[in-house]
Amino acid sequence: MLFGLWLAGAASAAGAAPAAGDAVRGAQVYEARCSGCHSVDADRVGPRHAGIVGRRAGSVAGFDYSPALRGSRLVWDAALLDRWLTDPEALLPGQRMGYRLGDAAERADVIAFLATLPARP
């Protein structure tokens, strides 16, 4: 039993893929926790999120990214978004997002929601 708990913790620490989330709940969490700085279709304090999955980080034209994010060469996928939302500064020192989404289920739900957002012109 103890070995099983250690093994589960080791897999989590090693960067295992995030749990599958619920996009409907994710839309609610996004509205409650993210919409103060972000929008799906418009840049605010943070960049717009439409089409974020599969997009290179720091690449929304006209948005004033930190040099760290703009030069990162990261491409957003579910695992990277999970790491980012867990602790943006640990993932990319020098970035400007000062918010974390500590609850793993909420992160998974938000990521599932973000994955439904196609890029828009």
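Worth saying up front: this structure is predicted, and the values here are computed from it rather than measured. In this chain, numbering begins with 1 at the start of the sequence shown.
- Enclosure of atom CD in E31 is not indicated, since only 12 or fewer non-hydrogen atoms of other residues, nucleotides or ligands lie within 6.0 angstrom.
- Residues S72 and A57 come closest through the heavy atom pair OG-CB, 3.8 Å.
- R83 is not listed as a side-chain neighbour of L92, based on a closest heavy-atom distance of 4.5 Å or more.
- Atoms CG and CG, from L114 and D77 in turn, are 12.0 Å apart once rounded to the nearest 0.5 Å.
- Distance alone, capped at 3.5 Å, is enough to place a donor-acceptor pair between the R107 side chain and the L101 backbone.
- Between I52 and L81, the closest side-chain pair of non-hydrogen atoms falls below 4.5 Å.
- Residues R100 and P88 share a closest heavy-atom pair of CG-CD, 3.9 Å.
- Side chain of D109 to main chain of G21: no donor-acceptor pair is present (N/O by atom type, distance under 3.5 Å, no hydrogens or angles).
- For the pair A23 and T116, the tightest heavy-atom approach, listed with the atom from each and the gap, is CB-CG2, 3.9 Å.
- Listed by chain and residue number, E106 satisfy the salt bridge (charged side-chain N to carboxylate O under 4.0 Å, His left out) test with R33 (two or more places apart in sequence, or in another chain).
- Within 6.0 Å of the CZ atom in R120, the count of heavy atoms belonging to other residues, nucleotides or ligands exceeds 12.
- Under the ring pair (Phe, Tyr, Trp, His ring centres under 6.0 Å) criterion, F63 pairs with Y65, not counting sequence neighbours.
- With sequence neighbours excluded, the residues satisfying ring pair (Phe, Tyr, Trp, His ring centres under 6.0 Å) with Y30 are H49, F113.
- Linking Ile, Leu, Val, Met, Phe, Trp and Tyr residues whenever their side-chain heavy atoms come within less than 4.5 Å places Y99 and L69 in a single cluster.
- Taking 4.5 Å as the limit, some side-chain heavy atom of S35 sits within range of a side-chain heavy atom of R44.
- Rounded to the nearest 0.5 Å, atoms CH2 (W84) and CE (M97) are 6.0 Å apart.
- Residue P67 comes nearest to R96 through the heavy atom pair CD-NH2, 4.1 Å, listed as atom of the first residue, atom of the second, then distance.
- Rounded to the nearest 0.5 Å, atoms CG (L85) and CG (D103) are 11.5 Å apart.
- Between D43 and D64 the shortest side-chain heavy-atom distance does not fall below 4.5 Å.
- Side-chain atoms of R55 come within 3.5 Å of backbone N or O of A50 as a donor-acceptor pair.
- Inter-residue side-chain proximity for L80 and L91 is flagged as met; some heavy-atom pair is nearer than 4.5 Å.
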